[in-house]
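Reviewing the structure listed below.
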Amino acid sequence: EDKVVQSPLSLVVHEGDTVTLNCSYEVTNFRSLLWYKQEKKAPTFLFMLTSSGIEKKSGRLSSILDKKELFSILNITATQTGDSAIYLCAVSGIQGAQKLVFGQGTRLTINP
Amino acid sequence: ETGVTQTPRHLVMGMTNKKSLKCEQHLGHNAMYWYKQSAKKPLELMFVYSLEERVENNSVPSRFSPECPNSSHLFLHLHTLQPEDSALYLCASSQLTGANEKLFFGSGTQLSVL
């Protein structure tokens with residue numbers, strides 16, 4: 001059975017800190033790994049990773065995939081209070097977006 | 001604004017009520033989804049419609065009944081729900097291309113069953 005495990009489940013840091021969120025997975029016929037940010041209700045897309053070792057970057061956020069060890073990390077540098085959210089990791093197999101498997105999410109709180 | 005609109009945003013219903021959740025996507029996508037998000041649990045896929053045909057039904061109780069009249073609209077009809085059905089119900093859409101597919105989510109309906 002396909003599975004995604006995120007850690008930690010909850011994290012509280014001070015503004016300006018750097019955080020690393022983890023996502024490990026087991027999936028048959030891996031196609032892609034996706035990160036989403038859920039601030040209030042609607043999860044919004046951050047990154048899609050398909051190849052090992054290639055870092056995706058957007059401002060202070062970056063992510064990388066290791067297909068050999070079956071995990072991904074999401075880094076946020078110089079955190080701001082607006083980064084407070086639930087970060088969701090999901091993986092797709094051969095059925096693509098029709099069968100994304102999500103992790104429980106990491107609830108990140110940034111204190112001023 | 002993600003291009004996926006859900007109504008209502010909040011819904012409180014009794015166990016004997018019948019209500020419907022509505023979702024509309026303005027992205028020209030060919031697939032639509034219903035997900036359930038409960039506290040401390042991963043998002044659970046409920047239904048998938050691809051080209052207006054239901055292609056996934058993840059052992060969802062019959063008290064949840066989806067309807068997809070066209071590629072832009074999706075409904076979830078609710079009847080005789082249980083308190084454990086209280087959750088955030090998220091609609092999503094995607095373009096099924098065979099590569100680099102991702103979901104676009106609506107803001108959800110927060111459902112409370114009394």
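Model, not experiment: these values are computed from the prediction. Reminder, nothing fancy here: chain letters follow the sequence lines and each chain counts from 1.
For the pair B/G106 and A/A42, the tightest heavy-atom approach, listed with the atom from each and the gap, is O-CB, 3.2 Å. Between B/S94 and A/A97 the shortest heavy-atom distance is OG-CB, 3.9 Å.
Contacts between B/L90 and chain A at a heavy-atom distance below 4.5 Å involve the side chain alone, from C-beta outward. Neither the backbone nor the side chain of B/T97 comes within less than 4.5 Å of any heavy atom of chain A. Neither the backbone nor the side chain of B/Q6 comes within contact range of chain A, judged by heavy atoms closer than 4.5 Å. Looking at A/Q38, the atoms closer than 4.5 Å to chain B (heavy atoms on both sides) all sit in the side chain, from C-beta outward.
No continuous path of hydrophobic side-chain contacts links A/I86 to A/V101 [ILVMFWY only; heavy atoms under 4.5 Å]. Using a 4.5 Å cut-off between side-chain heavy atoms of Ile, Leu, Val, Met, Phe, Trp and Tyr, with links allowed through other members, A/M48 and A/L74 fall into different hydrophobic clusters. Under a hydrophobic clustering in which Ile, Leu, Val, Met, Phe, Trp and Tyr are joined whenever their side-chain heavy atoms come within less than 4.5 Å, directly or via other members, A/I110 and A/V12 fall into different clusters. The hydrophobic clustering, which links ILVMFWY residues whose side-chain heavy atoms are closer than 4.5 Å, places A/F47 and A/F30 together. Hydrophobic clustering keeps B/L43 apart from B/F47 (ILVMFWY residues linked when any side-chain heavy atoms are closer than 4.5 Å, directly or through intermediates).
Annotation: side chain of A/L100 is not in contact with side chain of B/Y33 (no heavy-atom distance under 4.5 Å). Between B/E44 and A/F102, the closest side-chain pair of non-hydrogen atoms is not below 4.5 Å. Using a 4.5 Å heavy-atom threshold, the side chains of A/Q98 and B/S50 count as touching.
More than 12 non-hydrogen atoms from other residues, nucleotides or ligands lie less than 6.0 angstrom from NZ of A/K57. More than 12 heavy-atom neighbours from other residues, nucleotides or ligands sit within 6.0 angstrom of NZ on A/K67. With a 6.0 Å radius and a threshold of 12 heavy atoms from other residues, nucleotides or ligands, B/L27 has its CG atom above the threshold.
In this structure, A/Y36 contributes its side chain and B/L103 its backbone to a donor-acceptor pair below 3.5 Å.
Residues of residues 65-82 of chain B never come closer than 4.5 Å to chain A when only heavy atoms are counted.
For the atom pair CD (B/E101) and CG (A/L34), the distance works out to 10.0 Å, reported to the nearest 0.5 Å. Taking CD from B/Q110 and NZ from A/K41, the interatomic distance works out to 4.0 Å, rounded to the nearest 0.5 Å. Distance CG/B/L88 to NZ/A/K40: 14.0 Å, rounded to 0.5 Å.
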